Amino acid sequence: MRFSLILAVLAVAFAEIIPIESIDQFYDLANKDGTYTVVKYYTEWCSHCKKLKSVYKELDEQLSSESNLNAPIQFVEVDCDTYGSTICKRLPGYPIVEVVKPPTLDANTTVTDTPTLFERVKRAIFGENTWTISDDRIVRFEGSRSVNPLQGFITMVVNKDVMKRQLMDIIEGRPIEAQDKVLNAIKEYYNELEHNNLVHERARLERILKTNDDGQLDIVKGQLELINLLETTNEIVDEL
């Protein structure tokens, strides 16, 4: 885990669940750079929402200090009695818990989900919600609404996305954490990889995972995720 991320996690360790009080506030939080946002959508009349209230509070208390998370998270809740025609408009029912991944930023990109000044003025005049979050940033929980399944889901989503971003740093030649042995091993592997033989390499790595259970498997899993990203990138290039 990167040192800056450790500091960020400690900074939110005792954070409370944030009740959404405006549309601006919701999108400002959801577009916070580097922070994963867990959102509970609820209504006051929904019986399942009432049952989820204590579960969500316990989830916040556990995950705000979770050492297995590789990035900071924040917990928010949206009252869909108030925001049913705006923030909650796309939802099929209540309650719903989602993880919103942070925007992807690098030297050549900007936060495209943030509205321009013109869009802010347009919303103020016409009452339109012009803020959006791209679908690929949202992961919805589908399962038993209890602490352990929700905790496992959030941890999996956050850590998998963090790894993907780190692997993209390697692929695109951006700096990585010098002290991270796993990332450095994957970077060395990438530099020596024969990119025209990914199918064979995938099969080799999958065999290693099936026949070994030592500490090096974290590196092998990362190498396999790297292959997945390279194959996806090749498919996109072929379609262009």
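Quick caveat: nothing in here was measured; it's all calculated off a predicted structure. FYI, side chains are in, hydrogens and waters are out, and symmetry mates aren't considered; it's all heavy atoms of this structure.
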Measure across I219 and I186 and return the closest heavy-atom pair with its distance rounded to 0.1 Å.
O-CG1, 4.1 Å
Nearest 0.5 Å, please: how far is CD1 in I176 from CG in N184?
4.0 Å
In Å and rounded to the nearest 0.5 Å, what is the CD1 to CG distance from I154 to L69?
8.5 Å
For V139, the side-chain contact (heavy atoms from CB on, under 4.5 Å) test, sequence neighbours excluded, returns K101, F153, V157
Do R202 and E206 meet the salt-bridge criterion of a basic N to acidic O distance under 4.0 Å?
yes
Do K89 and I87 have side-chain heavy atoms sitting under 4.5 Å apart?
no
Would D136 and S134 count as having a side-chain donor-acceptor pair, cut-off 3.5 Å?
yes
Using a strict cut-off of less than 4.0 Å between a Lys/Arg side-chain nitrogen and an Asp/Glu carboxylate oxygen, indicate whether R165 and D169 qualify as a salt bridge.
no
Taken to the nearest 0.5 Å, the spacing of H195 NE2 from Y190 OH works out to 4.5 Å
Flag for Q74-T35: side-chain donor and acceptor within less than 3.5 Å
no
Considering only heavy atoms from C-beta outward, does the side chain of I96 approach that of R140 to under 4.5 Å?
yes
Have E98 and Y41 got a donor and an acceptor in their side chains that come within less than 3.5 Å?
yes
Is a donor on one side and an acceptor on the other found under 3.5 Å between the side chain of Y83 and the backbone of E21?
yes
Qualifying residues under side-chain contact (heavy atoms from CB on, under 4.5 Å), relative to T43, sequence neighbours excluded:
W45, C46, C49, C80, D81, Y94
Quick one: pull up OH in Y189 and CG in L205 and give me the separation to the nearest 0.5 Å.
4.5 Å
Over all atoms of both residues, closest heavy-atom pair of V100 and A30
CG1-O, 4.1 Å
Distance (rounded to the nearest 0.5 Å) between I73 CD1 and K32 NZ:
12.0 Å
Distance to the ring centre below 6.0 angstrom and angle to the axis at most 45 degrees; does that hold for K40 and Y42?
yes
